[in-house]
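First up is the structure itself, then whatever we jot down about it.
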Amino acid sequence: MLELRNVETWYGNIQALKGISISVNPGEIITLIGANGAGKSTTLMSISGLTPPRRGEIIFEGQPISGRAPDVIVAMGICQVPEGRHIFPSLTVAENLDMGAFLRRDRLGIKNDLEYVFDLFPILADRRHQPGGTLSGGEQQMLAISRALMARPKLLLLDEPSLGLAPLVVRLIFQIIRKINQENETTIFLVEQNAHMALQVAHRGYVLENGEILMEGTADTLLHSDAVRQAYLGL
Ligand code: ATP
């Protein structure tokens, strides 16, 4: 479904990605784990077109997408939930969700998807008339994921969904990530510092260090690898 081939991304003269290759199959949850500054967010922004790569190729469903505008990439079916959530604080929950469906014209589909996200996160239905900025951190993460789902993406890019959230909320968010993948056949590319949780929900994973892929394998293989356990799982 998605293939990154030797992708290099730079910020001026700083090279954040040093030729990484990653593939994602339809229906998978892929996770990219790594420490602070490894290049995880840059990988997602390279895919979504926010920070286009300088070299290499990104192919989505057989079409090259590197260099295309972010709105074109969204229209092709890739939607990113950025780190820090970035919901619209003065808009209500319902208005934030409307913004997610901005590029769509199928009213019935939008209505069904709204019901679907309210079913996933009933608290958002209760708070639908409340400004997004008044929600708790966990509720804002739920809203950010739901807003992305309103675009009905084929591929959902999640950047650190667990960041700054209480353990109980983190568990709920990861359960929902698995549910979205199973029920909706949405392919998920999950970037996380919480390697333990990420490898528990993912099918396969990649380890990124200093802009390079160090290891890849099934989630189970990575969970049991001594190198991953020592460096990323604190075991
Ligand atoms: P974190 O988990 O802390 O967000 P990350 O793995 O997502 O880390 P990136 O944010 O992708 O890492 O950063 C990769 C490298 O690129 C880092 O060295 C970072 O300092 C650098 N970088 C990121 N954004 C910029 C920018 N806008 N300008 C210059 N350098 C940047």
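All values derive from a computational prediction rather than experimental measurement. Just so you know, ligand 1 is whichever comes first in the structure, and atom 1 is the first atom listed for that ligand.
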(request) Show the numbers, then the answer: is there a side-chain contact (heavy atoms from CB on, under 4.5 Å) between Y206 and I20? (result) CA-CA 10 Å; Y206 291 80; I20 65 166; over 6 Å; no

(request) Would you sort out whether E61 and K154 count as a salt bridge (charged side-chain N to carboxylate O under 4.0 Å, His left out), showing the intermediate values? (result) CA-CA 10 Å; E61 294 191 320; K154 297 176 191 166; 2.9 Å; yes

(request) Take V74 and F102 through the side-chain contact (heavy atoms from CB on, under 4.5 Å) test and state the conclusion after the steps. (result) CA-CA 11 Å; V74 171; F102 187 70; over 6 Å; no

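Closer than 4.0 Å to atom 28 (N) of ligand 1 lies at least one heavy atom of the protein. Counting only heavy atoms, the protein never gets under 4.0 Å from atom 19 (C) of ligand 1.
For ligand 1, the polar-atom distance check finds no N/O of I14 at less than 3.5 Å from any of the ligand's N/O atoms. Backbone and side-chain nitrogen or oxygen atoms of A16 are examined, and none is located within less than 3.5 angstrom of a nitrogen or oxygen of ligand 1.
Checking side-chain atoms of K18 against main-chain N and O of N210 turns up a donor-acceptor pair under 3.5 Å. Without hydrogens or angle criteria, N6 side chain to S21 main chain gives no donor-acceptor distance under 3.5 Å.
Pairing each heavy atom of L149 with each of Y116, the nearest pair is CD1-CE2, 4.5 Å.
For atom 4 (O) of ligand 1, the closest heavy atom belonging to the protein is E83 OE1, 3.2 Å. Distance from atom 5 (P) of ligand 1 to its nearest protein heavy atom, with residue and atom name: K40 N, 3.4 Å. When hydrogens are left out, the protein atom nearest atom 10 (O) of ligand 1 is S41 CB, 3.8 Å; that is the closest non-hydrogen contact. The closest protein non-hydrogen atom to atom 8 (O) of ligand 1 is G37 N, 2.8 Å. For atom 24 (N) of ligand 1, the nearest non-hydrogen atom of the protein is Y11 CZ, 3.4 Å. Ranking protein heavy atoms by distance to atom 1 (P) of ligand 1, first place goes to N36 OD1, 3.7 Å. If you check which protein heavy atom lies closest to atom 12 (O) of ligand 1, you get G39 N, 3.1 Å.
Remark: ligand 1 atoms within the under-4.0 Å shell around heavy atoms of A35 are 6 (O). Short contacts between ligand 1 and Q193, defined as distances under 4.0 Å to a heavy atom of the residue, involve ligand atoms 2 (O). Taking a cut-off of under 4.0 Å to the non-hydrogen atoms of T42, the atoms of ligand 1 that pass are 9 (P), 11 (O), 13 (O), 14 (C). Using a 4.0 Å cut-off to heavy atoms of A38, the atoms of ligand 1 that qualify are 5 (P), 6 (O), 12 (O).
At least one heavy atom of E160 sits closer than 4.0 Å to an atom of ligand 1. Residue-ligand proximity: G34 is placed with every non-hydrogen atom at 4.0 Å or more from ligand 1. Residue contact annotation: G211 has no non-hydrogen atom under 4.0 Å from ligand 1.
Hydrophobic clustering of Ile, Leu, Val, Met, Phe, Trp and Tyr side chains at less than 4.5 Å, counting indirect connections, keeps L157 apart from L190. No chain of hydrophobic side-chain contacts below 4.5 Å, direct or via other Ile, Leu, Val, Met, Phe, Trp or Tyr residues, connects I78 to L158.
Taking CD1 of I188 as the reference point, atom CG of L156 lies at 5.5 Å (rounded to 0.5 Å).
Judged by distance alone, the side chains of T51 and T9 never bring a donor and an acceptor atom under 3.5 Å apart.
Seen from the ring of F88, R147 counts as a face-on cation partner, given the 6.0 Å and 45° thresholds.
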